[in-house]
2 protein chains.
Amino acid sequence: MTERAETSADSDLSLANEAETRRSADSSERAYNIIRKLLVEFKLKPGERINEVQLSRSLGVSRTPIREALNRLASEGFVSLTPNRGFFVRSLSTEGLLDLYELRSIIESAAFKLMCERAEDSEIDRLRQYWEAIVDGYRDQPPDIILAEDEGFHLLIAELSGNPELVGQLASINARIRFIRRIQIEHPSHDKAQITSHSAIVEAAVKRDAENGAKLLREHIEMTVSATQQALKDALLKVFAPDNGADLKRRRRARDA
Amino acid sequence: MTERAETSADSDLSLANEAETRRSADSSERAYNIIRKLLVEFKLKPGERINEVQLSRSLGVSRTPIREALNRLASEGFVSLTPNRGFFVRSLSTEGLLDLYELRSIIESAAFKLMCERAEDSEIDRLRQYWEAIVDGYRDQPPDIILAEDEGFHLLIAELSGNPELVGQLASINARIRFIRRIQIEHPSHDKAQITSHSAIVEAAVKRDAENGAKLLREHIEMTVSATQQALKDALLKVFAPDNGADLKRRRRARDA
DNA sequence: CGTCAAGAAAGTGTCGACACTATTGCGTTC
DNA sequence: GAACGCAATAGTGTCGACACTTTCTTGACG
């Protein structure tokens, strides 16, 4: 069932981020990317136990790189490890997602303030340029591109804060909520508001209006949260009831610690 | 040199935290704790390459659990992995430390605000009780206890924020700066200010004065930063020049990306 | 005397195998 | 017929070995 992971998955996945520790095109790295993709696309379902042997067979490598990848994913919060029972897919319950968005909001607004204090004028201008370069065709891009551009925008703010730890944190959060953001982006209702938000944020940055910009960011992120809840329900429904979307009452999955 | 890791290290290390994924008393977990202890105590020196075979010999296990532990530590930022060259101890340069403290400050003040908004009265009271229970003997405890109590205090605030992601982040940050905090605690100059800080923070919590409490926390943390810089210098000196503390000019270590 | 190259040594990345733990299925007993 | 325990199965945790890469050593050449 989880067999036959698409083998072309190792290339296009790491769109944007991960300012962390880098690796090469090892088996281990490849496994990490593929498994993470399986996770964010719900090919591996929330709450499910991960069978290392199956995975190693379907990826064509031994269990060692699989386990290394899973350990890494456990540190990043994608999966959890119960001692002699194995790795489990951590189900992002609704609250879990909201917690993540809240953390993101905290970090981003803090990053914005720091950027206002510290960044060079030329750097602020880079942010402006970045946004202006993509704003025109923004709505017309495919979802993956929109997502990458959006993440890039926010990551750039984090970078201009001058604190690499913030960048790392944000990148890690992004990876965990990427799947839901992609779903959201496909609800076209949101794009317009997103564009005006970003423009307003850039404007605040140019003025170095830390308070207002931070507030805009908070609102920008929190605005998406309600839509997120619906998107999450849709996603879970799609996962647990791929065809018959009828009896959604009985689907009481997504229970997590 | 790094041989003979103290074998009694697996018990007392995990003082406080790690609300993350849990494991058992596996070899892997044991290795993780021991290696992390070696790292925070500078037994493994910043910038140094970590020899897996040596480590596995000195811990009496094979390389597999060693590598799992190192992967975990890499995700947490303690070490870095260069593809075919191995794991390296990430040297916490001065800026790196300041970045971490800044992140900590951001998260803690945000947590305080959220706690003020959300926590039950009884929970706030738990914070008050926690602090009152330890404040009397605070100064007289051994450093490790003081450190654990201090971390516990701040972690409790994070818990009362109601956002487990904040707890996890803070726990992870704590682990990375623990070594320097321990050194700081041994400079007795600081205790007094710390005690009054904590008391003031509790007071603000009881009044649910989010703004003031967050400000106090920021100051409380930033206050330690200048002391931290000196403490870091001392620590590095001790590490790289264990006996002859004379020519500190030539020690140009702690260079990091 | 310094530079470079080839070979030797050391070290990482991955594998298959085995021991031990958890789980499942079956038969026994009340 | 249900609960319990026991055996069989499935799955994780760890090991030692080997291939391949990097690093060090040695020796030849300019």
Side-chain angles (χ1 to χ4, degrees), chain A residues 1-3 5 7 9-10 20-36 38-39 44-45 47-75 78-90 257, chain B residues 1-3 5 7 10 20-36 38-39 44-45 47-75 78-90:
Chain A
M1 189 168 271
T2 52
E3 305 283 65
T7 329
D10 51 339
E20 290 289 287
T21 290
R22 235 41 318 267
R23 290 154 202 244
S24 76
D26 291 327
S27 270
S28 181
E29 172 76 359
R30 216 177 65 90
Y32 171 81
N33 282 325
I34 296 179
I35 296 172
R36 198 168 84 167
L38 292 177
L39 287 168
L44 291 170
K45 304 208 169 77
E48 200 176 74
R49 181 177 182 167
I50 296 177
N51 189 322
E52 299 173 9
V53 182
Q54 261 181 19
L55 255 184
S56 75
R57 278 203 202 112
S58 66
L59 300 200
V61 294
S62 90
R63 276 174 55 226
T64 310
I66 300 283
R67 283 183 62 85
E68 293 204 352
L70 286 173
N71 268 292
R72 219 174 132 190
L73 290 164
S75 281
F78 284 98
V79 301
S80 64
L81 173 53
T82 315
N84 278 307
R85 297 175 17 91
F87 293 89
F88 291 80
V89 181
R90 256 187 63 164
Chain B
M1 190 169 272
T2 50
E3 307 281 67
T7 328
D10 49 340
E20 291 288 288
T21 290
R22 239 28 333 256
R23 291 153 200 242
S24 76
D26 292 326
S27 268
S28 182
E29 172 76 358
R30 218 178 63 91
Y32 171 82
N33 283 325
I34 295 179
I35 296 173
R36 198 168 84 167
L38 292 177
L39 286 168
L44 291 170
K45 302 205 169 77
E48 197 174 74
R49 180 177 183 167
I50 295 178
N51 189 323
E52 299 173 9
V53 182
Q54 261 181 19
L55 256 184
S56 75
R57 280 206 201 110
S58 66
L59 299 200
V61 294
S62 90
R63 276 174 55 225
T64 310
I66 300 284
R67 282 182 65 85
E68 293 204 351
L70 287 172
N71 269 293
R72 220 174 132 191
L73 290 164
S75 282
F78 284 99
V79 302
S80 63
L81 172 55
T82 314
N84 277 307
R85 296 176 17 89
F87 292 89
F88 292 78
V89 181
R90 255 186 63 164

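Chain identifiers are assigned alphabetically (A, B, ...) following the order of the sequence lines, protein sequences preceding nucleic acid strands; residue numbering begins at 1 within each chain.
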Show the distances under 3.5 angstrom between N or O atoms of the protein and N or O atoms of nucleotides 6-11 of chain D.
residue : atom : partner : partner atom : Å
D:dG11  : OP1  : A:Asn51 : ND2          : 2.9

Distance in angstrom units between A:Leu70 CG and D:dG13 C1', rounded: 14 Å

Nearest 0.5 Å, please: how far is OG in B:Ser28 from CZ in B:Arg67? 12.5 Å

Between A:Val79 and A:Ile35, is any pair of side-chain heavy atoms under 4.5 Å apart? no

Take the protein atom CZ of B:Phe87 and the nucleotide atom P of D:dT22, then report the distance between them rounded to whole Å. 16 Å

Take atom CG of B:Leu59 and atom P of D:dC15, then tell me their distance rounded to the nearest Å. 11 Å

Within this structure, what is the CD1-to-C1' distance between A:Ile66 and D:dT14, rounded to whole angstrom? 17 Å

Interatomic spacing from CG in B:Leu73 to CG in B:Leu38 - rounded to 0.5 Å: 10.0 Å

Rounded to the nearest 0.5 angstrom, the CZ-CD distance for B:Arg72 and B:Glu29 is 5.0 Å

Tabulate atom names and distances for all N/O pairs under 3.5 angstrom spanning the protein and nucleotides 16-19 of chain C.
none

Whole angstrom is fine here: how far is it from CG in A:Leu81 over to C1' in D:dT12? 10 Å

Atom CG of B:Leu39 and atom CD1 of B:Ile34: how far apart are they, to the nearest 0.5 Å? 12.0 Å

Rounded to whole Å, the CG-P distance (A:Asp26 to D:dA19) equals 19 Å

Determine whether a donor-acceptor pair (N or O, by modelled atom type, separation under 3.5 Å) exists between the side chain of B:Arg30 and the backbone of B:Leu59. yes

Does A:Ser27 place a side-chain N or O at less than 4.0 Å from the phosphate oxygens OP1/OP2 of C:dT14? yes

What is the distance, rounded to the nearest whole Å, between atom CZ of B:Arg57 and atom P of D:dC15? 14 Å

Would you give the length of the straight line joining atom CG of A:Leu44 to atom CZ of A:Arg36, rounded to the nearest 0.5 angstrom? 14.0 Å

So CZ of B:Phe87 and CD1 of B:Ile66: to nearest 0.5 Å the spacing works out to 10.5 Å

note: A:Asn71, atom CG; D:dT14, atom P; distance rounded to Å ~ 10 Å

With a 4.5 Å limit on heavy-atom distance, are the side chains of A:Leu70 and A:Leu81 in contact? no

